[in-house]
Protein chains: 4
Amino acid sequence: MSLSSLNPDDWLCLKRIVRFGETDAAGVMHFHHLLRWCHEAWEESLDNYGLNASNIFPDVTLNTRDLEVALPIIHCEAKYKFPIKRGDRLDIKILPKKIDLNSFEVVTMFDCKGVNVARGILRHLSINAKTRKRCDLPESIEFWLEASSIARGLQPLI
Amino acid sequence: MSLSSLNPDDWLCLKRIVRFGETDAAGVMHFHHLLRWCHEAWEESLDNYGLNASNIFPDVTLNTRDLEVALPIIHCEAKYKFPIKRGDRLDIKILPKKIDLNSFEVVTMFDCKGVNVARGILRHLSINAKTRKRCDLPESIEFWLEASSIARGLQPLI
Amino acid sequence: MSLSSLNPDDWLCLKRIVRFGETDAAGVMHFHHLLRWCHEAWEESLDNYGLNASNIFPDVTLNTRDLEVALPIIHCEAKYKFPIKRGDRLDIKILPKKIDLNSFEVVTMFDCKGVNVARGILRHLSINAKTRKRCDLPESIEFWLEASSIARGLQPLI
Amino acid sequence: MSLSSLNPDDWLCLKRIVRFGETDAAGVMHFHHLLRWCHEAWEESLDNYGLNASNIFPDVTLNTRDLEVALPIIHCEAKYKFPIKRGDRLDIKILPKKIDLNSFEVVTMFDCKGVNVARGILRHLSINAKTRKRCDLPESIEFWLEASSIARGLQPLI
């Protein structure tokens, strides 16, 4: 895979349709699903970028159950600007950002018909899975962060 | 929309990638997500077939909050044959079947790399949303059931 | 812990209040949560009976991450008789049953104000976690199954 | 109900046991469940305080489906300090705070064995459910906010 052959739209711009089970009795999306969507968008971005996910997520069948590095979420937040409804077709933009040697955050923007309806942020810390002490980010995550930084330079995402 | 222009593969054959939050500490998909996937696959099928979902699902902003007909699930079941893991790319086949004037069921097959890994069934009853008595299936659901029956005649799905 | 000192009501009869996020835009409990409740009720029953859960569930900090035996769910089903709403106080009865040397099922009855509103069934298989071949049920599960069988003899649960 | 007869411990201090389906393949609680727990703790607090929830949450069977006032969440956030595992018995403290005439927030502290493991914040806006314009908080929420403020004066919660 050469970086130049990848269109950032494929791994930084995603889509999602809101489903019935994600609404509540008020008739709109129940708030906590948005944070789940953020994590799933992050995973989809890594997939689409071409990362080998077995270095990032524990896999019981690939002898990567006990990964050296874990990337737990230490902080998350979300802002809700407009109600989101079943059937809404969301345009999702991922804005990853390295914070320091041991952590990064991913801002996820959710638009519907050209209007920003919500935003979520997940902050990950890189730790040694055994000692649970801070460690350097995995190399593959470094690549992905750098590539997204370059992509953002090429085309403003917001 | 003319039926003949629709390829059944677009609304009876779907795809889904398993996400990290859908696993549990045993390292594989936690069982109850499969039933959620069944419902979401059903919704996606209706979308792709071209149904006006505001006749099927309550919509707080479209004056369809209080639909005449509701389609509650009265029975569901699932069989799990092989463990399903994060990153698995599932091929999903929808097999709808009319049971009688008031009810239908949707069998959903989940394959991974050509192997059937799980199966779910949702059975819906058609009721008057106010009296909660049985009533005829909505016309749009009848169309979708009939079209899927024809499609299955054309190409065996399993 | 002596079996005689345990009141079956403590570990076979549980309670749960339905929460807002468990409803959907139709105003009632979204169906798939019931299966989650079944599993959580099973876990609560094991806890209340006094089982050492680190023999049953993988625990990353107790060196039981790689348990010898796993108890995956191979089948589940549910029947829905009446709509369940936010705030409903559910009385939950657990009816465990050994099927054979390698499997058991748990029927979970959900009542609201004395009326049965739904029922769920989870069927577990006992497998060697590495070979994934059938094996005998863990001893602690055998005890729990036997105790529930005795308890049911003493007091009819339905 | 007289306020003086209520022990704040009953409606500001709650308990919860972490369940298997709330973990992920890393072996610990998957982050987004914490936000769900915050909302459920808020609901439990209102219940235990004695509020008539049919004024707060839409109820399809009580003619409160179309409530005048809705309390959507406009912001949420969470901090994770220590991993949370299946079986962990969490002590939950609710700290409600009025922000202005139209909004309030609820800080929820999660402790395990005397150690703070996580914290969540939900911020609600009070809006007219039809016009979706800001409006005064419902009276019952005002009472609950005031009572919690008094309770906190009596006994420091953190």
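Here is the naming used below: chain letters follow the sequence lines, and residue numbers restart at 1 for every chain. The analysis underlying the following values was restricted to heavy atoms, covering all of them including side chains, and did not include hydrogens, waters or symmetry mates.
Judged by distance alone, the side chains of R36(D) and H39(D) never bring a donor and an acceptor atom under 3.5 Å apart. Between the side chains of S45(A) and W144(A), at least one donor-acceptor pair of N or O atoms lies under 3.5 Å.
When atom types are taken as modelled, the side chain of D88(D) and the backbone of V18(D) share no donor-acceptor pair closer than 3.5 angstrom. Side-chain atoms of Y80(D) do not come within 3.5 Å of backbone N or O of P72(A) as any donor-acceptor pair.
Options I121(A), V28(A), I73(A) differ in how many heavy-atom pairs under 4.5 Å they form with chain D, and the most are formed by I73(A). Between chain A and the residues P83(D), A70(D), A26(D), the most heavy-atom pairs under 4.5 angstrom are made by P83(D). Counting heavy-atom pairs closer than 4.5 Å to chain D, the top-ranked of the candidates L35(A), I74(A), D24(A) is I74(A).
The local environment of NZ in K97(A) is sparse, with at most 12 non-hydrogen atoms from other residues, nucleotides or ligands closer than 6.0 Å.
Classified by interplanar angle (parallel below 30°, tilted 30° to 60°, perpendicular above 60°), the ring pair W37(D)/F110(D) is tilted.
No part of L34(A) comes within reach of chain D, as not one of its non-hydrogen atoms sits under 4.5 angstrom from that chain. Within the 4.5 angstrom heavy-atom criterion, only side-chain atoms of R132(A), from C-beta onward, approach chain D. H30(A) touches chain D through its side chain: at least one heavy atom from C-beta onward sits under 4.5 Å away, while N, CA, C and O do not. Heavy atoms closer than 4.5 Å to chain A are found in the side chain of L122(D), but not in its backbone.
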